[in-house]
Amino acid sequence: MAGEARKDDVGKKLFDSRAAASLVGELRGAFASGTTRSYQWRESQLKGILRMTDDRERDIAAALRSDLGKPELESVVYEVAMLRNSCKLALKELQHWMMPEKVKTSLTTFPSSAEIVSEPLGVVLIISAWNYPYLLSLDPVVGAIAAGNAVALKPSEIAPATSALLAKLLGEYMDNSSIRVVEGAVAETTALLEQKWDKIFYTGNGRVGQIVMAAAAKHLTPVVLELGGKAPVVVDSGVNLQIACRRIIAGKWGCNNGQACVSSDYMITTKDLAPKLVDALKNELEMFYGKNPLESKDLSRIVNSNHFTRLTKLLDEDKVSNKVVYGGERDPTKLQIAPTILLDVPRDSLIMKEEIFGPLLPILTVDKLEESFDIINSGPKPLAAYIFTNDKKLKDHFVKNVSAGGLVVNDTTVHLAVHTLPFGGVGESGMGAYHGKFSFDAFSHKKAVVYRSFMGDAAIRYPPYTNGKLRLMKALLGGSILGILRAIFGRS
Ligand code: NAD
């Protein structure tokens, strides 16, 4: 029934193309009214997100536990506190961010002044993923609001409790003429993607990233794609192994049980160090999660049975299943997989081809650590890459030669928490970036403005073009002060 709202099995109205077009129309009307452009509106909406997050922290943690079995500490630190920090920073800096930025002019426009004016793009669509469903939905919204846009948010259907909570809370706490939530899956997202937006900000896998980009291309809509990839962690000898392992575990199993875009996907170390490294990882894992990690309350579960099956397939591939040196236990009834380490997996195995996005950590061994750079650079560019080393030459080489969205030396994932750094991918791991001021910039158009007066109207610009004018123009372009002065005062 083209053009009509379809009904689902229980007669609930579905969100179709017509509904999507009507939503965009309403948001465009709200944006055109100018409300979202004012500092007061932006401030009030950012405060709304902060108040909502403070008031409903327990509901948020409960939704995250329902969707992912996420431990409360991880909810508080990685979703609630990170969002709060984003809001607070935006509130503190907003006036400064909104101010036009004065820039130098060139001699060719003398006398003049110039500035860059940040203007809102208009009506933006934010499509988010399931693994950090509160943060990944609202963190881009903070940037979009700070920049003065009207926003439609489509949370992930794979985290249904958080999606429902977001729809309810944004309905209560935000200005619904300019900020709306659309819940749903592929059909609803497709209906949204058919519309013309002024920016689409998508977080998720690269396959859907291609769908988003193709839909955006039809309207020449710019996109930010926050994608993933296989994040390597390289470990050198001579480092404090206990600290290195703790930091690797915290960024892998301590982040949603490995279901995080910046978690270490695989490890590279030397053949000599590998046995010691595996022992150190085992010790620390046992300290953190006990002898039976399937019972641990400190590990998130796998999000759903599709992902559980996907991960067990990676683990059970013939050439991989005999490489498990720690873990491997799983419980389909609880959707739990224990932290699992695999040593010397073949590079042509599935686990080394796909992004793992779960609690499995394959280790590759090399004779010399320098070989790791070729391994990393031979694959798609990852979202993050890590190295643990005290060797300055190796560190410098890594920073200079490994291309990834972001790098951390001697830790993992913590670059996310540095708001002065852009967060985003490169190549297959995404395009565009956000966090801190980068979020404001991601949702702003940087409008170039030149101011001139009626002084200094150089005749050299105007026909009839003479040889004298040509000579002076060349002098001007060549930066000759004498020629420029002649041009300004109109003597040719
Ligand atoms: P997902 O399944 O929740 O999908 C993301 C969004 O795309 C959802 O809102 C979903 O409704 C929508 N979607 C799914 N299929 C679609 C289709 N056919 N057409 C239109 N829309 C569709 O999340 P996911 O993709 O499983 O997320 C995991 C991936 O995201 C991993 O690759 C991970 O690395 C990446 N990720 C990246 C970041 C980052 O900040 N760079 C953060 C989290 C996850």
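In this text, all values refer to a predicted model and were calculated from it rather than measured experimentally. Atoms within each ligand, like the ligands themselves, are counted from 1 in listed order.
Between Phe373 and His397, the angle of the ring planes goes over 60°, which puts this pair in the perpendicular group of the 30/60° scheme. Ring-plane geometry between Tyr434 and Phe423 is classed as tilted, the angle between the planes lying from 30 to 60 degrees on a 0 to 90 degree scale.
Looking only at atom types and distance, the side chain of Tyr132 has no donor-acceptor partner in the side chain of Ser137 under 3.5 Å away. In this structure, a donor-acceptor pair under 3.5 Å is present between the side chains of Ser86 and Asp139. Between the side chains of Ser17 and Glu194, at least one donor N or O sits under 3.5 Å from an acceptor N or O. For the residue pair Lys196/Thr221, the side-chain donor-acceptor check at 3.5 Å is not satisfied. In this structure, a donor-acceptor pair under 3.5 Å is present between the side chains of Asp175 and Trp41. Using modelled atom types and a 3.5 Å distance limit, the side chains of Tyr173 and Asp55 yield a donor-acceptor pair.
Residue, atom and distance of the protein heavy atom nearest to atom 26 (O) of ligand 1 are Trp130 NE1, 2.9 Å. The closest protein non-hydrogen atom to atom 39 (C) of ligand 1 is Cys261 SG, 3.5 Å. Atom 7 (O) of ligand 1 has as its closest protein heavy atom Tyr202 CE1, 3.4 Å. Annotation: atom 33 (C) of ligand 1 to nearest protein heavy atom, Phe357 CE1, 3.4 Å. Taking atom 40 (O) of ligand 1 as the reference point, the nearest protein heavy-atom neighbour is Phe423 CE2, 3.3 Å.
Interface atoms of ligand 1 facing Glu226, defined by a heavy-atom separation under 4.0 Å, are 37 (C), 38 (C), 39 (C), 40 (O), 41 (N). Residue Thr189 approaches ligand 1 through these ligand atoms, each under 4.0 Å from one of its heavy atoms: 11 (O), 20 (C), 21 (N). With ligand atoms numbered from 1 in the order given, ligand 1 contributes 2 (O) to contacts under 4.0 Å with heavy atoms of Ile158. Which parts of ligand 1 touch Ile211 is read off a 4.0 Å heavy-atom cut-off, strictly below it: atoms 18 (N). Residue contact check: Leu227 has heavy atoms under 4.0 Å from atoms 37 (C), 38 (C), 39 (C), 41 (N) of ligand 1. Taking every heavy atom of Gly204 and a limit of under 4.0 angstrom, the matching atoms of ligand 1 come to 25 (O), 27 (O), 29 (C), 30 (O), 35 (C). Here is the list of ligand 1 atoms found below 4.0 Å of a heavy atom in Gly228: 34 (O). Interface atoms of ligand 1 facing Ser156, defined by a heavy-atom separation under 4.0 Å, are 1 (P), 3 (O), 9 (O).
Counting only non-hydrogen atoms, the option in Glu157, Glu183, Glu355 that gets closest to atom 31 (C) of ligand 1 is Glu355. Distances from atom 15 (N) of ligand 1 to the heavy atoms of Leu193, Asn304, Val208 show the closest one on Val208. For the residues Thr203, Val224, Ile127, Val303, the heavy atom positioned nearest atom 5 (C) of ligand 1 is part of Thr203. Across the listed options Ser128, Ala215, Ala129, Ser128 owns the non-hydrogen atom lying nearest to atom 6 (C) of ligand 1.
A ring-centre distance under 6.0 Å is not found for Tyr202 and Trp197.
Between Lys400 and Asp396 no salt bridge is recorded (no basic side-chain N to carboxylate O distance below 4.0 Å).
At a 4.0 Å heavy-atom cut-off, ligand 1 touches Val186 through the side chain alone. Heavy atoms of Leu383 found under 4.0 angstrom from ligand 1 belong exclusively to the side chain. Residue contacts with ligand 1, taken as heavy atom pairs separated by less than 4.0 Å, involve Asn205 via backbone and side-chain atoms alike. Counting heavy atoms closer than 4.0 Å to ligand 1, residue Ser429 contributes nothing at all.
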* To do: With ring pair (Phe, Tyr, Trp, His ring centres under 6.0 Å) as the test, would you mind laying out the steps for Trp97 and Phe438 before giving the verdict?
  => CA-CA 10 Å; Trp97 291 347; Phe438 300 98; 9.7 Å; no

* To do: Give the C-alpha distance, both sets of side-chain angles, the deciding distance and a yes or no for side chain to side chain contact (heavy atoms under 4.5 Å, CB included) between Ile127 and Phe201.
  => CA-CA 6 Å; Ile127 304 171; Phe201 186 108; over 6 Å; no

* Steps toward side chain to side chain contact (heavy atoms under 4.5 Å, CB included) verdict (Met174, Val141) -> CA-CA 11 Å; Met174 311 302 294; Val141 170; 5.6 Å; no

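Residue contact check for ligand 1: Tyr132 places no non-hydrogen atom closer than 4.0 Å to it. Distances from ligand 1 to the non-hydrogen atoms of Gly425 include no value under 4.0 Å.
Every N/O-N/O distance between Tyr434 and ligand 1 stays at or above 3.5 Å.
Looking at Asn322, Ile351, Leu361 one by one, the single match for side-chain contact (heavy atoms from CB on, under 4.5 Å) with Leu342 turns out to be Ile351.
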